[in-house]
Amino acid sequence: MSAVPELLRKFRRVAGLTQEQLSERSGLSVEAIRTLEIGRRHHPRALTVSRLADALELGPADRDRLEQAARRPTETPDRLPAGVTDFVGRAESVRTLTELLLRTGEPADTTSVVISAVTGMGGVGKTTLAVHVGHLVEAQFPDGSIYLNLRGETEPLAPLQGLTFLLRTLGVQAQEIPDDLAAATARYRTAIAGRRMLVVLDDAATVEQVTPLIPGTSGAAAVITSRRLLDQLAGALHLRLDVLPDDEALQLLAEVIGAALVAAEPDAALAVVHACGNLPLALRIAGTRLRTGLPPQELADRLADASTRLGELADGEIGVRASIAVSIDDLRAVPADRDAADAFGVLSLLDAGEFPLRVAAAGLGRTLDDTEDLLDRLVDVHLLEAPALHRYRLHDLVRAVGQEGASAEAHRVVGERVLKCYLSMLWRADELDAEGPLSVTWRDAAWAADARDLSAVDDVLDWLDANRSALVELARRAALGTVEDRQTAVRIAVGMNAFGRHRQRWLEWRDLNRTAAALTDLRSDPVGTALVRFDLGLALGELDDFSAAADELMLATEAARLIGAPGFLASSLVNLAHMLERAGRTKEGFVVVREAVDLIAQEPDAAHHALWAQLTLGMLYGRDGEPERQLEPFEAAIALAQDDPGLQGRVRAIAGASLRECGQAAVAIPVLLAGVHMVRPVGRPGVLAEALDELGASYRELGRYAEALVAYHESLDIAVSQELWHREARVRTGLGYTYLGLGRVAEGQEQLRLAEEVYAAHGTTPPS
């Protein structure tokens, strides 16, 4: 029952007023005052209470008592800000958060409060999401909603200050609020107990700040937003917000500037979206610029300049720079986090895109463990993203803020450290592979020093594979740099040998050695020249550019003669003969391979090349129209590889391919089947895919299409999973012709189309 009747009668008598006099002073009717005093109406409107308090000349305490008494028990606080009118997307996040809040107070969960922590970088839309969902579920919270800005990124609200606000909102009078944190927390949880309320705690600084503000019983729910990862918040659903995908970012821009303008200039609009890094805050600021009449293409051009982009996205104190700088300044304010703040500045100098932990450690000049700790802290405050274990990335606008004021010298130092990191990994692979005797005489053991914590070659190759695009770009850039940089580019190209061969990264291997070939010459560096030309020839051959490959291997052979390295000369001769065979230049090939055979017989250091010499000899016989002479050298090569199943599988794949090309598909099949059987258990996916591809081709030429499909599909699965694009293109071509042979025209044409797309995507054309 309301106390309004008793309080109103008491206050009127103390003031010495009749009901008629109070009516005249307040502007209310006598009937209205009489209705309140006899208790027929217990909960007058706020305006009515205000008029009565003014007329009665009540002091602050008495006015507060009357207002509290007049509040309806079912009247609900409604402190949520208005939702934005241009909210778009976030369907999965909205669904997840809504479903969580709709479970509030379910009978199956009567002891715990529902908590959700929404985290993400500044400007990504955490508050917008929380408020939007709060309005969507307001019917679930009939006792109201409370919004409290904890100011975590500016001047964090003390927990006791937050509790005071919450308690006043819940109707507790100021003099009844304890000045002790524990007592105030207990009073708050008592006041909210039994109420179905939503509490939105925005911009939390720490778990310690927010914990006392969370309701203690079911029926209430708390949604917390923060730039920090609040992973110590017990029982919370953690929801991390990322930037918007392109379609939703364009939709947001359309909501701000109008769909017609976006539709009129879609390319410019998308360029604006990308320059804004798909960040909602940046998009809204860009939208305000466009609403002033600035053409989208002009804004896109302005934003394309990284040096002025942040200035274009400034909007007073809520600009992108200001939003991001708050997080950085907050780190610097804590002594324990200053190293992380300094690390952020260095990381911003790394190239755009993902980078691995090892590259970050190199750039910082720190150990892997120290670096991981610093990066984890930056991830916690959403200045850094961690899309996978030990892989990180900076949002483009965050990077731009970090780079402001960085000197050219700082850029140079970080660039050199990162380049050295990649060089170290390549030469560690070379050390562990132990297949480059000539490179041993040329390399410096110090090049691999920073990677000697790795002892398994596959671990090194896996790392290089995951970062190969960055490696190629860094080497290309180094080739245009100082004398020392160009020297490093050559060392990187030569160091690619183990990686290029084992992971079949033919394009990267070709491109790096092609760049290095322009930086070497026989006079100043005969060994480096020999190694670069040799590897370039092998890579070109794998890409079916056989004449160009032969030209490079001729140069490698010339260098090998100059150096006087019989083992390397034998290898150069054998590979040159092979490329001449593939190019149809068999007469030249026979001359070269016979020189190789003679050299191998005379030089112990060249003996291990006998296998490849025999294999090449057999291929030349077949290409020269003497298929009956192929089997003897092929069998000799297979016998020389008998102790290495993986090697024997490779030899059999090459021999089988040659037999098939020379019209002996039936003879090729048992050779290839044996190769598949040998290589399957030894973990050489590239060799297995090659052998299966050749097996499928042999079956197809014999019209055994069902068996061809089985072999091709297994080869295709391996090629796709291992990112062996060249093998994928070959296999899809074979599949296409197999389907056509079966009369399945649509499937055949689809595979041939996909093969052409793969070749085109890598800047090559199908072999003739």
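The structure displayed is predicted, hence computed values, not measured ones.
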For the residue pair [X] and [Y], what are the closest heavy atoms and their distance?
| X | Y | result |
| --- | --- | --- |
| Ala691 | Leu672 | O-CD2, 4.1 Å |
| Arg452 | Arg428 | CA-NE, 3.9 Å |
| Gly353 | Arg393 | O-CB, 4.0 Å |
| Gln642 | Gln648 | CA-NE2, 3.2 Å |
| Leu519 | Ala479 | CD1-CB, 3.9 Å |

Sidechain-backbone polar pair: [X] side chain, [Y] backbone, donor-acceptor under 3.5 Å:
| X | Y | answer |
| --- | --- | --- |
| Asp485 | Thr482 | yes |
| Asp370 | Arg366 | no |
| Asp693 | Ala689 | no |
| Thr529 | Asp521 | yes |
| Thr119 | Leu229 | no |
| Arg650 | Leu647 | no |
| Thr733 | Ala755 | no |
| His609 | Val574 | no |
| Trp725 | Ala719 | no |
| Ser348 | Gly345 | yes |

Check whether any side-chain heavy atom of [X] lies under 4.5 Å from a side-chain heavy atom of [Y], and answer yes or no.
| X | Y | answer |
| --- | --- | --- |
| Leu426 | Met496 | yes |
| Val758 | Leu754 | no |
| Glu581 | Val593 | no |
| Glu723 | Arg503 | no |
| Val592 | Thr557 | no |

Any donor-acceptor pair under 3.5 Å linking the side-chain atoms of [Y] with those of [X]?
| X | Y | value |
| --- | --- | --- |
| Gln403 | His411 | no |
| Arg732 | Tyr712 | no |
| His502 | Asp433 | yes |
| Gln630 | Ser658 | yes |

Could you measure the distance from the [atom1] atom of [X] to the [atom2] atom of [Y]? Nearest 0.5 Å is fine.
| X | Y | atom1 | atom2 | answer |
| --- | --- | --- | --- | --- |
| Ile718 | Arg727 | CD1 | CZ | 10.5 Å |
| Arg533 | Thr520 | CZ | OG1 | 5.5 Å |
| Leu573 | Leu599 | CG | CG | 6.5 Å |
| Leu471 | Asp511 | CG | CG | 11.0 Å |
| Arg240 | Glu385 | CZ | CD | 5.0 Å |
| His713 | Leu735 | NE2 | CG | 5.0 Å |

Q | salt bridge (charged side-chain N to carboxylate O under 4.0 Å, His left out) between Arg412 and Glu409, intermediate numbers included | A | CA-CA 5 Å; Arg412 185 193 65 77; Glu409 177 65 11; 2.5 Å; yes
(Q) Salt bridge check, Asp453 against Arg358: does any charged N sit closer than 4.0 Å to a carboxylate O? (A)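 Between Asp453 and Arg358 there is a salt bridge, with a charged N closer than 4.0 Å to a carboxylate O.
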Q: List the steps, then state whether side chain to side chain contact (heavy atoms under 4.5 Å, CB included) holds for Leu507 with Thr764.
A: CA-CA 10 Å; Leu507 272 180; Thr764 61; 4.3 Å; yes
Q.
Taking the six-membered ring for Trp, are Phe534 and Phe568 closer than 6.0 Å centroid to centroid?
A. yes
Q: Decide if the gap between the ring center of Tyr422 and the ring center of Trp463 is smaller than 6.0 angstrom.
A: yes
Q: Over 60° means perpendicular and under 30° means parallel, so classify the ring planes of Trp442 and Trp447, tilted if in between.
A: perpendicular
(Q) Using the rule given for salt bridge (charged side-chain N to carboxylate O under 4.0 Å, His left out), can you reason through Arg501 versus Asp535, listing the C-alpha separation, both sets of side-chain angles and the distance that settles it, and then say yes or no? (A) CA-CA 9 Å; Arg501 284 185 296 103; Asp535 284 358; over 6 Å; no
